[in-house]
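Residue numbers start from 1 in every chain, and the chains themselves are labelled A, B, ... in the order their sequence lines are given, proteins ahead of strands.
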2 protein chains.
Amino acid sequence: MTIEMFERTLELAALLAAEIERKLAADGLTRSRAQVLRRLGEEGPMQQRELARVFDVSARNITGLVDGLVTTGFVTREPHPDDRRATLVTLTARGVTAAQTIEASRHELAEAMFAGIPEREKHAYRGVLDTLLDNLRTR
Amino acid sequence: MTIEMFERTLELAALLAAEIERKLAADGLTRSRAQVLRRLGEEGPMQQRELARVFDVSARNITGLVDGLVTTGFVTREPHPDDRRATLVTLTARGVTAAQTIEASRHELAEAMFAGIPEREKHAYRGVLDTLLDNLRTR
DNA sequence: TATTGTTATACTCTATAACTATA
DNA sequence: TATAGTTATAGAGTATAACAATA
């Protein structure tokens, strides 16, 4: 009954997405914008074209996401010191806090999600997960 | 390292979503529209309000999805025999075929995804999955 | 000439509110 | 008065193409 496991895996994905988006919405963020914040939190200020590259989306898309983040006060566009064409998308104080909150929420959700599962079963899950990822990647 | 398993679970979800959407796009469908087709394939003609109820979305949203499916030839709006306010969203021949193709693709993807995983590990995966779903639902 | 980012335009999903036709 | 579905309006994510400023 692989189809049943497949459906349940999709159900898990849907529940996870809903839970994550619920939290983000409470902080005034969408999933796409939060993804940008997380990356900026890890890497520091970045050019828009670099963001477009790492997320594999169009430049126009990044312009829109950054517009939204600027309007809501999470980032600013700073001039690039060496290239006057480029801007450096930079976290504000609020943006830094938000990025930290996102990380903390993810840890909290991860713990809650795997609560009550014995180490041994976690290992088994982890092993299967790696195979599933491999199977999907080489397709 | 629950956070790592968490991240990998999200990665799996993302890969699955991408794979599913890739296939659907090749058939001229989006995920939301395909969801409607699948339901119609299982239940037969349905009222829009019923669709809105089962997917827990607004009536407006269903109007838009059905508009798209009508334009692309997957469904028609038929008059409800007993209630002149209502329409019965009905699969066309093309819609029936598409619904069947979707189901077949899901089975195929499920098989490919779980290929090479011994029964015993599938069982373990299934068990953990159920707990994860429980943990997320009771939250 | 090539690159960075914006403007113009378009499509999709989603929502609330007002409205029409019907029950 | 309540319900089914549409129109009006709006926000968000995504894309391609044309364009301005700069490299």
Side-chain angles (χ1 to χ4, degrees), chain A residues 14 17-18 20-40 45-90, chain B residues 14 17-18 20-40 45-90:
Chain A
I20 288 171
E21 268 155 40
R22 193 186 59 70
K23 281 180 190 245
L24 290 175
D27 291 332
L29 284 165
T30 63
R31 224 182 169 178
S32 296
R33 291 180 191 176
Q35 208 178 14
V36 171
L37 281 200
R38 289 185 72 213
R39 179 63 69 146
L40 293 172
M46 289 174 75
Q47 284 188 38
Q48 293 189 191
R49 62 157 297 283
E50 181 68 0
L51 286 168
R53 199 186 56 74
V54 300
F55 294 129
D56 192 28
V57 297
S58 66
R60 179 63 185 89
N61 191 350
I62 296 297
T63 297
L65 294 177
V66 173
D67 283 352
L69 287 167
V70 168
T71 301
T72 48
F74 291 101
V75 307
T76 57
R77 282 185 170 100
E78 302 298 330
H80 190 292
D82 305 331
D83 186 341
R84 283 193 292 169
R85 294 171 305 180
T87 65
L88 284 176
V89 185
T90 307
Chain B
I20 288 171
E21 268 154 41
R22 193 185 60 69
K23 280 178 189 247
L24 290 175
D27 291 332
L29 284 165
T30 62
R31 224 180 169 182
S32 296
R33 290 179 191 177
Q35 209 178 15
V36 171
L37 280 201
R38 287 185 73 213
R39 179 63 70 147
L40 293 173
M46 288 174 75
Q47 284 188 38
Q48 293 189 191
R49 63 159 295 281
E50 181 68 359
L51 287 167
R53 198 185 58 73
V54 301
F55 295 127
D56 194 26
V57 297
S58 66
R60 179 63 185 90
N61 192 349
I62 295 297
T63 295
L65 294 177
V66 173
D67 283 351
L69 287 167
V70 168
T71 300
T72 48
F74 292 101
V75 306
T76 55
R77 284 184 169 102
E78 302 298 331
H80 191 292
D82 305 333
D83 186 341
R84 282 192 294 170
R85 294 171 306 180
T87 65
L88 283 177
V89 185
T90 307

Margin query: Output the rounded distance in Å from CD (B/Gln47) to P (D/dT6).
Written below: 12 Å
Next item on the list: Look at B/Gln48 and D/dT6 and indicate whether a side-chain polar atom (N or O) is within less than 4.0 Å of OP1 or OP2.
Entry: yes
Check: Is there a donor N/O on one and an acceptor N/O on the other, under 3.5 Å, for the side chain of A/Arg49 and the base of C/dT4?
Finding: no
Item checked: Interatomic distance where CG belongs to A/Leu29 and C1' belongs to D/dA12 [whole Å] -> 13 Å
Next item on the list: Quick one: pull up CG in B/Leu37 and CZ in B/Arg39 and give me the separation to the nearest 0.5 Å.
Entry: 13.0 Å
Margin query: Without decimals, in angstroms, what is the distance between A/Glu21 CD and C/dA15 P?
Written below: 12 Å
Note to self: How many whole angstroms separate atom CG of A/Leu88 from atom P of C/dT4?
What the structure shows: 13 Å
Notebook entry, point to check: How long is the line joining CZ of A/Arg85 and C1' of C/dT1, in whole Å?
Noted result: 11 Å
Note to self: How long is the straight-line distance from CD of A/Gln47 back to CD1 of A/Ile62, given to the nearest 0.5 Å?
What the structure shows: 12.5 Å
Item checked: Approximate separation, where rounding is to 0.5 Å, of B/Arg38 CZ and B/Arg31 CZ -> 10.0 Å
Notebook entry, point to check: Heavy atoms, side chains only, cut-off 4.5 Å: are B/Val70 and B/Val89 in contact?
Noted result: no
Note to self: Quick check: closest heavy atoms across B/Leu88 and B/Thr90, and the distance to 0.1 Å?
What the structure shows: O-OG1, 2.9 Å
Next item on the list: Measure the CG-CZ distance between B/Leu65 and B/Arg60 for me, rounded to the nearest 0.5 Å.
Entry: 9.5 Å
Item checked: Whole-Å gap separating P (C/dG5) and CD (A/Glu50) -> 10 Å
Next item on the list: Could you work out which one of D/dA12, C/dT12, D/dA4 sits closest to the side chain of B/Thr30?
Entry: C/dT12
Checklist line | Value in whole Å for how far the P atom of D/dA20 lies from CG of A/Asp83 | finding: 19 Å
Next item on the list: Describe the nucleic acid contact of B/Arg33 in one word from base, sugar-phosphate, nothing, applying a heavy-atom distance below 4.0 Å.
Entry: sugar-phosphate
Next item on the list: Assess whether one donor atom and one acceptor atom, taken from the side chain of A/Arg84 and the base of D/dT22, lie less than 3.5 Å apart.
Entry: no
Item checked: Rounded distance (Å) that lies between atom P of C/dT4 and atom CG of A/Leu51 -> 13 Å
Check: Looking at residues 55-79 of chain A, who's got a heavy atom less than 4.0 Å off DNA chain D?
Finding: A/Val57, A/Ser58, A/Arg60, A/Asn61, A/Leu65
Check: How many angstroms lie between atom NZ of A/Lys23 and atom CG of A/Leu29, to the nearest 0.5 angstrom?
Finding: 13.5 Å
